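Structure first, then comments.
Note that the structure is predicted; figures quoted are calculated from it, not measured. Below, chains carry the letters A, B, ... as their sequence lines are ordered, and counting in each starts from 1.
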Amino acid sequence: MDSRVQRIVAGLNPQQLEAVTHSGAPLLVVAGAGSGKTRVLTSRIGYLIASGRAAPGQILAITFTNKAAREMRERLESALGGSAIRTMWVSTFHSACVRILRSEHDALGMRSTFTIYDAQDAQRLMKLVCREENIDIRAHPPKSLSRRVSDLKNDLVTPEQAADDAADQDSQVLAHAYAAYQIRLRQANAMDFDDLIMSTVDVLRSHPDVADHYRRRFRHILVDEYQDTNRAQYELVRALTGTAEDDNHGELTVVGDADQSIYAFRGATIRNIEDFEKDFPEARTILLEQNYRSTQSILSAANGIIANNSGRRPKRLWTDRGDGEKIVGYVADSEADESAFVVSEIDRLRDDAGISYGDVAVFYRTNAQSRAVEDMFVRSGIPYRVIGGTRFYERREIKDALAYLHAIVNRDDTVSIRRILNMPKRGLGAKSEEAVAMHAARWDVSFGAALCDVGDPHPERGPVSGIGKKASATMAGFVSMLESGREMAEAGAAPDAILDFAMEESGYLDMLRSSDDPQDESRLENLAELHSVAVDFHKANPDATLADWLDQVSLVSDADQLADGDEGEVTLMTVHTAKGLEFPVVFVTGLEDGTFPHMRSLIDPAELAEERRLAYVAVTRARQRLYITRAAARASWGAPQEFPPSRFIEEIPDSLIDWRRSESSADAMRRSGGRTGTWGSGGRRRSESFGGGYGDELDDGPVVGSGKGFVPGKLGVDAAKQKRRGKQAGAARGANRSGAANASAGVGESVSDAAAGSPGLGAADGAGPNAGPSVPDTYGLAVGDSVVHKSFGRGKIVAFEGTGRNTTARVTFSSGQTKRLALRFAPLEKI
DNA sequence: CCCCAAGCTTTTTTT
DNA sequence: AAGCTTGGGG
């Protein structure tokens, strides 16, 4: 055997080996979390090439993110050598489609310079469409229309079909908007994300010669994360592979795990993986159940959660690595409290367990939750990095800068041109813009073409009416500036040079430089960052054009920005972004019904099942240590609201969990203060006697499931006020609550040892039955004291808020600003 | 046409 | 709480 082949298959377990060497029939690899999925995929490609069964150019590998693609390339490069992989396609669905569409633009009926619109651009265009088509944007918000159009495209529904299927008036409006939007999109020589897939399918279906060309080329198609493909992507795969009846069909390998399907909201359908054997009757299926990532405790927790989803193919992850540490649980009073626990644990792990910051990840359900964690990290001096959130490429200044470049590359790009027409301000307001738009509509040309008619009237269309002399001249100048950029691009100037030109020439940089808004300073920094991205790109790809760079930039994802080997920083991200990653230590935060599972999923069993898969993904990211935390109250838009424990916590066998704190202060007070237990105690999880495992869960299950759905608005109570009001208010609220949140009602009676006894952060005031009324702990400070803060300087304490260890001081600093600071953390010193 | 202030929506998750 | 849109005044 070839030594390269030997090296590739060495160390694979029997199932992995079979998956790697399988030949012929379509192959489905059902790969549980951490079962070596990526390794199988990479090894299979390596094996195909090393064994001579395929040439590199015959391989198309689809990954979920650009980062995954990059990693796969790197691995293959070291296994096979750099030249072997040059002709191979390893990319995301979207990148692969762009590549196909750019070269098949003739079949598509578009110019190859088309712009790719992101969701934001698409919404802007939809808004323009609504205005022009007189669609009532109150009854039909552009945002929602845009989303629904996206859904339609993911299902390959054309505007005509949508119109045919429209039963009610609402769907008719949608179909109308869709059709008009699509016309505008084409006129702007642009495609949105969903178009990229749908149009590629279109081209392949309607042009047999084109389809044939790609089928001959790609003899082996491999798709990762198959459970997250949508209808359009499925059809794309089918179109590229060909069917068994075609004599030149390729070999298909898909890898996935139905339990990790978390993108239904963007059209992904679990059906694709579940029905693979139906779609391809001769298919071979291989199960990978041995996990090489996590401890058994973590896997048992994951299994416990996912077992509650019905109708799944049974699968049980196992490992031979032993139980490992127990899962650590913590019930916090607030999100600040929760974050404080995370901080203290990270400190402890660094001291006692040799864990470094880079080993730790903190997950949350929604991006908004990162704030509380960040605040505490900043105060504690823990270095961290947030992945996602307000994405770099969605920042206003970045979108503006890129709009200039898009307008240069694609003179018909309506959304980009209209975005920058008066940015920076040039005195071209809504009125002039509207005049150009009218002209464009009147002659059925793009906005960009109409804009050219202002200074340089088209022989047939004539000049644009309704524009003043001054505006006219400004517009002509604007057009000629873009034209100069275009000339640069055509002469082959580097992307960073054109960016430079556009930002200087347009006055955009001057606008920021002369601004006294402090935000504009960071905008300049961001633009400098963008510039260096362009420089790097040019260095790495000397022959690439501006359009190439824009393509790359248009298709980056959050996960892509995760640099490898960030040793010195804790990573913060949503669970969605965390998919496919792993960390020695993982904190899954916000495990509350209403947060995770998300509020909007609680009424729909299918959505709840997806949330559960999301929880499954979250816990299976952990290699050695898993923390699960929840906050009894959390600020969600403005005011703090109470949240009951996540039902997912209950689905983890309690024997696996070491509760550092198992009850919130409010719950403890409520429980000890009430005369009877009839109104139920909120926070207490199952008591020790319930720790046995599954039997109990079956009993709890229906109760949990029958919950009416949590209605947070009714329960919104200021937590601090609540505490001050004490027992009575607590009892009243408890009664109010039990109906809505019976997920947690009436189970535990006793306080666990952990809650009653543990020192440090866990021992909140009021946690024990004897704690009496809560009082602020002012750490020896008093109102009126002068203090000094590490970064804010000198100040005076104006007031105290909160109680016990959650006491905060309101401090007015010499700068004039007033801050609320948690005394437990704030570096405040009395002077 | 531009600026400012009041008021209103926003929280899923993302290629 | 914050960012964005809308409306009135300059």
Side-chain angles (χ1 to χ4, degrees), chain A residues 62-69 91-98 116-120 122-123 127 137-138 141-144 147 150 153-154 191-198 225 228-230 232-233 261-268 363-372 375 387-391 393-396 422 424-434 468 470-471 474 517 519 551 553-561 573-579 590 594-602 604 607 610-611 613-615 617-618 634-641 712 820:
Chain A
I62 302 286
T63 58
F64 197 67
T65 61
N66 292 302
K67 175 172 174 269
S91 69
T92 63
F93 270 110
H94 291 85
S95 302
C97 286
V98 168
I116 300 164
Y117 280 179
D118 66 13
Q120 210 185 100
Q123 266 173 47
K127 205 170 165 187
I137 61 165
R138 299 192 77 90
K143 194 175 169 183
S144 131
R147 224 205 85 95
S150 166
K153 289 183 176 181
N154 285 330
M191 307 202 116
D192 61 30
F193 275 138
D194 311 299
D195 264 345
L196 295 175
I197 313 287
M198 185 170 173
E225 308 282 10
D228 285 321
T229 53
N230 58 36
Q233 291 164 333
S261 167
I262 54 173
Y263 284 99
F265 68 90
R266 118 186 159 193
F363 298 159
Y364 33 79
R365 176 68 236 279
T366 62
N367 280 306
Q369 288 168 249
S370 78
R371 193 182 204 103
D375 280 354
I387 310 297
T390 4
R391 280 175 274 290
Y393 289 106
E394 284 172 16
R395 286 167 204 268
R396 200 200 321 162
N422 197 30
K425 300 264 184 314
R426 331 182 144 82
L428 298 177
K431 223 171 141 190
S432 336
E433 186 184 341
E434 203 47 46
K470 199 168 166 196
T474 313
D517 183 342
Q519 268 202 326
D551 266 1
V553 160
S554 299
L555 298 172
V556 291
S557 69
D558 284 344
D560 297 336
Q561 40 163 311
M573 64 185 125
T574 66
V575 182
H576 280 90
T577 310
K579 193 178 72 152
T595 307
F596 191 4
H598 193 271
M599 223 144 57
R600 297 181 57 158
S601 73
L602 295 180
D604 179 356
E607 285 188 44
E610 174 140 321
E611 296 285 313
R613 291 192 292 272
L614 198 52
V617 167
R634 179 179 297 279
S636 67
W637 42 138
Q641 304 201 323
R820 287 177 63 231

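Between Thr574(A) and Leu428(A), it is Leu428(A) whose nearest contact on DNA chain B lies nearer the 5' terminus. DNA chain B is contacted by both Ala430(A) and Arg365(A); Ala430(A) maps to the nucleotide lying nearer its 5′ end (nearest heavy atom per residue).
With 3.5 Å as the limit, one finds a donor-acceptor pair spanning the side chains of Ser150(A) and Asp194(A).
If you check every strand for non-hydrogen atoms under 4.0 Å, Gln120(A) touches nothing. Across all strands, Tyr263(A) comes closer than 4.0 Å only to sugar-phosphate atoms, never to a base (heavy-atom distances).
Across the protein-nucleic acid pair, Ile137(A) atom CD1 and dT6(C) atom C1' stand 11 Å apart, rounded to whole Å. When rounded to the nearest whole Å, the span between NE2 of His576(A) and C1' of dT15(B) equals 12 Å. Whole-Å rounding puts the Leu602(A) CG to dT12(B) C1' distance at 12 Å. A straight line from CZ of Arg147(A) to C1' of dT14(B) spans 11 Å, rounded to a whole angstrom. The CD atom of Gln641(A) sits 14 Å away from the P atom of dA1(C) (whole-angstrom rounding). Distance, Lys425(A) NZ to dC3(B) P: 5 Å, rounded to whole Å. Protein atom CD of Glu433(A) is 13 Å distant from nucleotide atom C1' of dC1(B), rounded to whole Å. The CZ-C1' distance, from Arg371(A) to dT12(B), rounds to 18 Å in whole Å.
Contact check for Phe193(A) versus Leu555(A): side-chain heavy atoms found under the 4.5 Å cut-off. Using a 4.5 Å heavy-atom threshold, the side chains of Arg634(A) and Gln641(A) count as separate. Contact of the Leu428(A) side chain with the Glu433(A) side chain is not registered, since no non-hydrogen atoms from C-beta on lie closer than 4.5 Å.
Using atom C1' as the reference point in both dT13(B) and dC4(C), the two lie 22 Å apart (nearest Å). When the C1' atom is used for both dT6(C) and dT11(B), the distance is 23 Å, rounded to whole Å.
Of the candidate nucleotides dT5(C), dT14(B), dT15(B), dT14(B) has the atom nearest to the side chain of Asn367(A). Comparing dT5(C), dT13(B), dT11(B) by their nearest atom to the side chain of Lys127(A) picks out dT5(C). Taking only side-chain atoms of Thr92(A), from C-beta outward, the nucleotide of dC1(B), dT11(B), dT15(B) with the closest atom is dT15(B). Of the candidate nucleotides dT13(B), dT15(B), dT11(B), dT15(B) has the atom nearest to the side chain of His94(A).
Dashed line: the shortest gap from a side-chain N or O of Asn422(A) to OP1 or OP2 of dC1(B) is not under 4.0 Å. Between Ser601(A) and the phosphate of dT12(B), there is no side-chain N or O to OP1/OP2 separation shorter than 4.0 Å. For dT11(B), the OP1/OP2 oxygens have a side-chain nitrogen or oxygen of Lys143(A) closer than 4.0 Å. OP1 or OP2 of dT14(B) has at least one side-chain nitrogen or oxygen of Thr577(A) nearer than 4.0 Å.
With its ring centre under 5.5 Å from that of the base six-membered ring and a plane angle below 30°, Phe265(A) counts as stacked on dT13(B). A distance cut-off of 5.5 Å between ring centres, combined with a plane angle under 30°, places His598(A) in a stacking arrangement with the base of dT12(B).
A salt bridge does not link Glu434(A) with Lys431(A): every distance from a Lys NZ or Arg NE/NH1/NH2 to an Asp or Glu carboxylate oxygen is 4.0 Å or more.
His576(A) is linked by a ring pair (Phe, Tyr, Trp, His ring centres under 6.0 Å) to Tyr263(A), Phe265(A), counting only residues two or more places apart in sequence or in another chain.
A donor N or O paired with an acceptor N or O is not found under 3.5 Å between the base of dT12(B) and the side-chain atoms of Arg600(A).
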